[in-house]
Amino acid sequence: MHWTDVTAQSLSHKGKKHIVSTGITPSGEFHIGHLREILTGDMIARAAQDAGLDVEFVFIIDSADPLRKVYDFLGPEYEQFVGNQLGAIPAPDEDGNPDWERFEKEGWTYANHFLEPFLKALNEIGVKPRLIDNLESYRSGRFAELSKIACDRAEDIRECIERISSRELPDNWFPWSPLNSKKGLDKVKVTGYDYPLVHWKDEYGETGSSDISKGEGKLPWRIDWPAKWGWIGVTCEAFGKDHGAAGGSYSTGREIAHLLGHEPPQPLVYEWISLKGQGAMSSSAGNTIGPIEALELVPPEILRLLIAKSKPNKAIEFDTGMGLVTLADEYERLAARDFDKELANDELSRRQRVQIEDAAGALRMASTVAGGKAQATAVTFRHLALLAQTKKNDEDVWSSLQSSGAIDAVTPELQDRLSRMRHWIHSRHFPAEMRITILEQPNMEMLKMFDDDEKKILANMTAAMEACVWDAQSIGACIPQAARDLDLSPRSAFKVAYAALMGAEKGPRLAPILAEMEQQEILSILRACMTSITE
RNA sequence: GGGCCUGUAGCUCAGUCAGGUAGAGCGUCGGACUUUUAAUCCGAUGGUCGCGGGUUCGAACCCCGUCAGGCCCGCCA
């Protein structure tokens, strides 16, 4: 059974109605690590739906969280906002300075700024959650009731956090962080509580009262989370391993949920995604790849497959080079399979059955449309990468595919695939080993291996190319002819051609590539090869 | 100090929850095909399941220990 179905099954034992939740703090650029959070939730919701449950998927935007520090991408002016809520401060402009104009005119906040491109990517990936803005929820009083319970039971909650996370809370700790005189959540001390008011004094010497029913502050994270479970009715939540550790926020959260009077959701801890060879992703280290950037390289279903095929507790290394080829080709293979037929075989061992079910589940989750049927495009990534490089315009790519019988018609999916492929080829991610290059200098290693026959072929070929009309068909004819004239197999002629022009034993179909290049360039490299052989 | 995850073929991993002959894909090698789409098809290759004990008729799987890597216990997906 696929991991999403396992989770759905265990949810079904607890009831029919479910809310699967997910949440992210919009403190900076979103990256594909965040995509795992939200796709994990989306996939569980889809599996639960498939299992006949009544399920809703929500995405909580933690816009009530404070700005922790002035990140590298922010200008020094942001110093004044440290501690202020992300949904209440202006977005950075291109230079990293606060965009006051948009903030005042449109209410365009820091949270909006980072959230919007992510939401666009989600839409393309087929994730359509109900959005819950956390700051707005505080302001509209959604947290009021649970905040009251938290404040009333401050000592119980303190005991719980201290016991489970084995950290000591300061004497003046209180389960409510009021906004200070500068609308910040830091540098403020609670001096008293008298529902609905929490009295405070800040480091600037100001005092005031925060109305907990109006969002004039927020619950600290460890209480904020279980409180959200309560008022939203969350029954299942996937979260990163950082929250899942013993003593972490889930273990305190589940107990605080009970104190607040509701059941904690079923947890699903997932591992992080790292960029191959670069460690964990971190916006400040600059080694991120955003969902948008990833979508420029591969279609959404392949991105989904990346998440779907690995169990949540497996760390994923996202490889934007050759790994992408493998992943995309894996998708094609899966899409071409007939799982129902495979599973109809009674002689399957338990292990084989599990493997087929998992593959089918991963493919089902990869579709951007729930219940959508994956279409095999019959053109592998590898193949398309070749064609895209050798043929400058799309029409030539399609006619090549059609004449070889690989495809019947050009579908929008194929056009989409090709355009992303061209993006990838031009990006820094495209792997060198996939790149087709014609040598500029002879490769001596390869040439040294030539026997006398091969040397003769090279001479013949050079002469033929000199005389040849420079189009794909004629070039294609003169390569094997160089061998035939000597009563040798065409195969050996290609071997010589690859060695001389690409420094490789074999390669892609040469003629169309050469035809795209200048005849003189090719001749000069061939002549250079001949010179170096005779020396 | 406490805890979590991972360790299975050259690589990426499945299989561990419900113990029953060690699996897949990629790679590699070989063959077929030949005016070769690094294509396709066929075949082969490849593992003391990190290590040591225990339970069992039987352990990759359960238990105990141990080693290695990653991570968490302020914040981070």
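The chains referred to below are lettered A, B, ... by the order of the sequence lines, with proteins before strands, and numbering in each begins at 1.
Between A:A388 and A:I425, the shortest heavy-atom distance links the atoms CB-CD1, 3.6 Å.
At a threshold of 4.0 angstrom between heavy atoms, the contacts of A:R36 with the nucleic acid are absent. Residue A:G248 is out of contact with every strand shown, counting any heavy-atom pair closer than 4.0 Å. Within 4.0 Å (heavy atoms only), A:L35 reaches no atom of the nucleic acid at all. In this structure, A:L387 reaches the bases: a heavy-atom distance under 4.0 Å links it to at least one base atom across the strands shown. As judged by a 4.0 angstrom heavy-atom cut-off over every strand, A:S165 is placed among residues touching the sugar-phosphate backbone only.
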Strictly under 4.0 angstrom, non-hydrogen atoms only: write out the protein contact profile of nucleotides 11-24 of chain B, one letter per nucleotide from the 5' end, B, S or -. --SBSS---S--SS
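Of the two residues contacting RNA chain B, namely A:Q481 and A:F239, the nearest-nucleotide position lying further toward the 5' end is that of A:Q481. Nearest-nucleotide positions on RNA chain B for A:R435 and A:I24 put A:R435 closer to the 5' end.
Among the nucleotides B:A39, B:C5, B:G74, the one closest to any side-chain atom of A:R222 is B:G74. Of all nucleotides listed (B:A77, B:C71, B:C75), B:C71 comes nearest to the side chain of A:K241. Taking every side-chain heavy atom of A:T25 into account, B:A77 is the closest of B:G70, B:A77, B:A39. The side chain of A:R333 lies closest to B:C26, out of B:A77, B:C26, B:C75.
Only the C1' atoms considered, B:G46 is 12 Å distant from B:C11, to the nearest whole Å. Across B:C49 and B:G23, the matching C1' atoms stand 12 Å from one another, rounded to whole Å. Comparing the same atom, C1', in B:G43 and in B:C17 gives a spacing of 38 Å after rounding to whole Å. If you take atom P in B:G31 and the same atom in B:G69, they sit 44 Å apart, rounded to whole Å. On the C1' atoms, B:G70 is 25 Å away from B:C62, given to the nearest whole Å. To the nearest whole angstrom, the two C1' atoms, one in B:C29 and one in B:C5, are 37 Å apart.
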Would you list the atom pairs, donor with acceptor, under 3.5 Å between side chains in residues 115-124 of chain A and any protein atom, with sequence neighbours excluded?
residue : atom : partner : partner atom : Å
A:E124  : OE2  : A:R420  : NH1          : 3.4

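Ring orientation note: the planes of A:H243 and A:F239 are nearly perpendicular, at an angle over 60° on the 30°/60° scale.
Between the side chains of A:Q481 and A:D485, a donor-acceptor pair is found at a separation under 3.5 Å.
A:R304 pairs by the side chain to side chain donor-acceptor pair (under 3.5 Å) definition with A:D42, not counting sequence neighbours. Under the ring-ring contact (aromatic ring centres under 6.0 Å, His included) criterion, A:F114 pairs with A:F73, A:Y110, sequence neighbours left out. Taking A:W398 as the reference, nothing meets the ring-ring contact (aromatic ring centres under 6.0 Å, His included) condition, with sequence neighbours excluded.
Aromatic ring centres of A:W424 and A:F381: separated by under 6.0 Å.
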How is the base pairing of RNA chain B summarised as a dot-bracket string, given the Watson-Crick and G-U wobble criteria with both distances under 3.5 Å, [ ] for crossing and | for another strand? ((((((((.[[[[.)....(..]]]]((((((.......))))))....[[[[[..)....]]]]])))))))....
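Distances shown here put every side-chain N or O of A:S27 at or beyond 4.0 Å from the OP1 or OP2 atom of B:C76.
Residues A:I513 and A:I438 meet the side-chain proximity criterion, which asks for heavy atoms closer than 4.5 Å. The shortest distance between side-chain heavy atoms of A:M465 and A:Q519 does not fall below 4.5 Å.
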